[in-house]
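Here's the structure, in structure tokens; my notes come after.
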2 protein chains.
Amino acid sequence: MFAALAAKGHRVTRQRRVIVAEFARVGRYTTAQELHERLRTHHNAIGLATVYRTLEMLRDVGAATIQSHAKGEAAYLFCPIAHHHHAVCIKCGRVADVACRSVTPFERALSAELRFRPTQHRLEFFGTCARCS
Amino acid sequence: MFAALAAKGHRVTRQRRVIVAEFARVGRYTTAQELHERLRTHHNAIGLATVYRTLEMLRDVGAATIQSHAKGEAAYLFCPIAHHHHAVCIKCGRVADVACRSVTPFERALSAELRFRPTQHRLEFFGTCARCS
DNA sequence: GTCTCTGCAAAGGGTTTGCAACGCA
DNA sequence: TGCGTTGCAAACCCTTTGCAGAGAC
């Protein structure tokens, strides 16, 4: 994970370690503001701008995804693994990773019917997780 | 479409007709600012706040979806029909509607393996449309 | 006639930026 | 030592809000 940073010429600093650790611990979509607040609480004062810059950097190296559903703050999810999908719990917000499968036939239909050439897709499920059911 | 407004106690005004017409014409994700600019160009000066309020109202009556992928502005898509998916062209931005199918087996697997109870999903394809290929 | 809508401008608030000090590599 | 990073605060800019006049029904 940190190796990916170095590979892109980014440095591994104390702040980045702390932010990434906390970000990974959250396990759901979170905002820069919330992360900043959590770090303040944990006695690791880190500038808000640094949190924003770090999240943006993580996105750049493919270790985070952004999604601002509604107006207001942008939500980031720590997500360092390759292509897959998400099952988002609408009660607790926790996000489970789900392997990608069975979208291919759908894509084939797209090509045939619309002459649309799919190169990427995004699939998210919303519902209730085991704990919240 | 306008009937849905009346049904929810909204009024059909000149501004709303113009905004909806232009919004529907766009055929891709667009922003309040862009819509406002297009209307200004077309000699239909309408306040920016009115554009924002109208988009929000359309979302309320289920005729628009919002999605702010990146930072900055929120993107709205005119989308007055029931559940379906989108095929977004990464070159011209045009969005084609795609009927929903073949996600059910995936959902069943989710229930079985994660004890996650899916109630909703969102699927989007990105690629090149017929015109841009 | 009533109650909603519009336009304007100001307020609000999340995000970015400039710059000097700091600290990985 | 060199160059990326941090922190602070100010700047930005998208979005919302307050209010008086206009308009839908």
Side-chain angles (χ1 to χ4, degrees), chain A residues 1-23 29-40 42-61 63-77, chain B residues 1-23 29-40 42-61 63-77:
Chain A
M1 173 44 258
F2 287 110
L5 300 195
K8 281 219 173 186
H10 295 130
R11 291 182 180 172
V12 180
T13 64
R14 177 194 133 257
Q15 288 88 338
R16 289 181 177 173
R17 283 183 201 282
V18 175
I19 292 170
V20 169
E22 190 62 34
F23 187 29
Y29 279 97
T30 186
T31 66
Q33 310 266 351
E34 184 193 341
L35 219 39
H36 176 246
E37 178 61 21
R38 289 173 71 114
L39 294 175
R40 196 185 61 65
H42 293 189
H43 312 294
N44 288 299
I46 291 181
L48 178 57
T50 300
V51 176
Y52 275 106
R53 285 187 279 227
T54 300
L55 288 173
E56 197 44 46
M57 183 203 61
L58 288 174
R59 212 157 75 84
D60 175 54
V61 303
T65 59
I66 188 177
Q67 185 174 90
S68 23
H69 328 103
K71 62 221 55 185
E73 302 165 277
Y76 292 83
L77 179 67
Chain B
M1 172 47 258
F2 287 111
L5 300 194
K8 281 217 172 187
H10 297 288
R11 291 181 177 169
V12 179
T13 65
R14 175 193 135 261
Q15 289 86 339
R16 288 181 177 174
R17 285 184 199 282
V18 175
I19 293 171
V20 169
E22 188 63 33
F23 188 28
Y29 280 98
T30 186
T31 67
Q33 309 266 353
E34 184 193 340
L35 219 39
H36 176 247
E37 177 61 20
R38 288 174 71 114
L39 294 174
R40 196 185 60 67
H42 295 188
H43 312 294
N44 287 298
I46 290 182
L48 178 58
T50 299
V51 176
Y52 275 105
R53 285 186 279 229
T54 300
L55 288 174
E56 196 44 44
M57 182 203 64
L58 288 174
R59 213 157 74 85
D60 176 55
V61 303
T65 59
I66 187 177
Q67 184 175 91
S68 23
H69 329 102
K71 60 222 55 184
E73 304 163 277
Y76 292 82
L77 178 67

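We name chains A, B, ... by the order of the sequence lines, and we start the count at 1 in each one. Values below: all heavy atoms of this structure, side chains included; hydrogens, waters and symmetry mates excluded.
In this entry the distance linking CD of A/Glu34 with P of C/dG14 reads 13 Å, nearest Å. Summarising the geometry, the separation between CD on B/Glu37 and P on D/dT15 is reported as 15 Å, rounded to the nearest angstrom. The interatomic distance linking B/Met57 (CE) with D/dT16 (P) rounds to 15 Å, in whole Å. Separating the CZ atom of A/Arg40 from the P atom of D/dC8 is a distance of 13 Å, rounded to the nearest angstrom. As a whole-Å value, the separation of B/Leu35 CG from D/dC14 C1' is 15 Å. The distance from atom OH of B/Tyr52 to atom P of D/dC14 is 7 Å, rounded to the nearest whole Å. Taking atom NE2 of A/His10 as the reference point, atom P of D/dC3 lies 16 Å away to the nearest angstrom. To the nearest angstrom, C1' of D/dC13 lies 16 Å from CD of A/Glu73.
Here the CE-CZ distance, from A/Met57 to A/Arg11, works out to 13.0 Å after rounding to the nearest 0.5 Å. Atom CZ of B/Arg40 is separated from atom CG of B/Leu35 by 13.5 Å, given to the nearest 0.5 angstrom. Within the model, atoms CG of B/Leu58 and CD1 of B/Ile66 stand 12.0 Å from one another, a figure rounded to the nearest 0.5 Å.
Among the atoms of the strands shown, base atoms are found under 4.0 Å from some heavy atom of B/Arg53. Counting non-hydrogen atoms under 4.0 angstrom, B/Ala45 reaches the backbone sugars and phosphates but no base. B/Leu48 comes within 4.0 angstrom of a base, heavy atoms only.
Along DNA chain D, the nucleotide nearest B/Gln33 and the nucleotide nearest B/Val12 are compared for position; the residue whose nucleotide lies closer to the 5' end is B/Gln33.
One finds a salt bridge joining B/Glu56 and B/Arg59 here, because a Lys/Arg side-chain nitrogen approaches an Asp/Glu carboxylate oxygen to under 4.0 Å.
Between A/Gln15 and C/dG23, a side-chain N or O to OP1/OP2 separation shorter than 4.0 Å is absent. An OP1 or OP2 oxygen of D/dT6 is reached within less than 4.0 angstrom by a side-chain nitrogen or oxygen of A/Arg16. Dashed line: the shortest gap from a side-chain N or O of B/Thr13 to OP1 or OP2 of C/dC5 is not under 4.0 Å.
Checked by distance alone, B/Arg11 brings a side-chain donor or acceptor within 3.5 Å of a matching partner on the base of C/dC3.
Between A/His10 and A/Asp60, the closest heavy-atom pair is CE1-OD2, 3.5 Å.
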